[in-house]
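Okay, structure first, notes after.
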Amino acid sequence: MKPGYCDRLTRGFYTRDVLDVAPDLLGKVLSVRLPDDTVVRSAITEVEAYRGDGDLACHASKGRTDRTEVMFHEGGKVYIYLIYGIHWMLNVVTSTEDVPQAVLIRGVEQCYGPGRVSRFFSVDRSYYGEDLTLSPRIWIADGDKPSQIKTGCRIGIDYAGDYWKSRPWRFFV
DNA sequence: TCAGTGATTAGG
DNA sequence: CTAATCACTGAG
């Protein structure tokens with residue numbers, strides 16, 4: 001077994017509600033195998049939860065489109081999209097089929113900022129839909145649960161209105 | 001503080 | 001087809 005396979009998180013971790021999965025992702029180790037076979041790893045330090053069709057901050061609240069399609073799939077897949085023409089936003093799909101939810105990875109130990117995270121791991125559009133429980137090039141490994149978890153409001157979603165903007169769905173170490 | 005950058009989306 | 005929007009970053 002190659003490193004990363006033995007402690008890889010399995011389906012059951014992801015097929016729970018996003019508000020349970022998001023804080024549980026803190027301390028877990030995001031891992032990417034590059035084309036040259038080196039593996040980049042870093043523990044997750046900050047995430048945000050986006051929860052289904054009611055959450056106006058969630059892309060899936062506008063319905064099923066080519067971009068949001070994977071959020072309607074069973075948890076454990078990658079949802080990644082380009083923002084401002086420059087930055088890739090890496091998300092983990094959670095919950096069960098037809099319940100669109102995702103967790104945005106905002107920070108890892110090596111760097112902070114969702115755009116920087118994707119650059120650090122060299123992930124882009126080609127990772128859209130990749131299955132974290134099966135993929136040979138991206139997975140999440142078990143890691144130490146942080147002793148303390150903080151919460152706050154999600155960032156950059158002014159368009160979603162006061163109610164959704166004020167949900168404390170950002171989790172960080 | 002603010003421009004850059006291009007995929008995605010709704011609307012004609 | 002067009003135009004607006006955008007879960008951000010880095011330079012000034």
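Chain letters run A, B, ... following the sequence lines, proteins first, then strands; residues in each count from 1.
Residue A:R67 places none of its side-chain N or O atoms closer than 4.0 Å to OP1 or OP2 of B:dA10. OP1 or OP2 of C:dA7 has not a single side-chain nitrogen or oxygen of A:Y79 nearer than 4.0 Å. Under 4.0 angstrom from either OP1 or OP2 of C:dC8 there lies at least one side-chain N or O belonging to A:R106. Checking the phosphate oxygens (OP1, OP2) of B:dT5, no side-chain nitrogen or oxygen of A:H87 falls inside 4.0 Å. For C:dG10, the OP1/OP2 oxygens have a side-chain nitrogen or oxygen of A:R116 closer than 4.0 Å.
The backbone N or O of A:V70 sits less than 3.5 Å from a side-chain atom of A:Y128, completing a donor-acceptor pair. Put simply, the side chain of A:S166 gets close to the backbone of A:D162: a donor and an acceptor are under 3.5 Å apart. Proximity of a side-chain donor or acceptor of A:T94 to a complementary backbone N or O of A:T15 within less than 3.5 Å is not detected.
In this structure, CG of A:L56 is placed 12 Å from P of C:dA7, rounded to the nearest angstrom. In this entry the distance linking OH of A:Y128 with C1' of B:dT8 reads 12 Å, nearest Å. The CD atom of A:E46 sits 11 Å away from the P atom of C:dC8 (whole-angstrom rounding). Rounding to whole angstrom units, CZ of residue A:R64 and P of B:dA10 are separated by 15 Å. Regarding A:Y81, its OH atom lies at a distance of 15 Å from the C1' atom of B:dT5, rounded to whole Å. Rounded to whole Å, atom C1' of C:dA7 lies 16 Å from atom CD of A:Q101. Across the protein-nucleic acid pair, A:W88 atom CH2 and B:dG6 atom P stand 11 Å apart, rounded to whole Å. The interatomic distance linking A:I80 (CD1) with C:dC8 (P) rounds to 14 Å, in whole Å.
At a threshold of 4.0 angstrom between heavy atoms, the contacts of A:I86 include nucleobase atoms, whether or not backbone atoms are also involved. Across all strands shown, A:R119 has heavy atoms under 4.0 Å from sugar-phosphate atoms exclusively, and none from any base.
With the nearest nucleotide of DNA chain C identified for both A:G115 and A:K62, A:K62 has the one nearer the 5' end. Of the residues near DNA chain B, A:R125 and A:Y84, the one whose nearest nucleotide (by heavy atom distance) lies more toward the 5' end is A:Y84.
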Inset, instruction - List the steps, then state whether side chain to side chain contact (heavy atoms under 4.5 Å, CB included) holds for A:W139 with A:T133. - result: CA-CA 6 Å; A:W139 65 93; A:T133 69; over 6 Å; no

Inset, instruction - Quick one: do A:I155 and A:R106 satisfy side chain to side chain contact (heavy atoms under 4.5 Å, CB included)? Show the steps, please. - result: CA-CA 10 Å; A:I155 294 169; A:R106 288 199 73 90; 3.8 Å; yes

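Here the closest heavy-atom approach between residue A:L132 and residue A:R8 is recorded as O-NH1, 2.9 Å. Residues A:F121 and A:L30 share a closest heavy-atom pair of CE2-O, 3.5 Å.
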Legend entry - Pair pattern of DNA chain B in dot-bracket, where unpaired bases get dots and | marks partners in another strand, Watson-Crick or G-U under 3.5 angstrom: ||||.||||||.

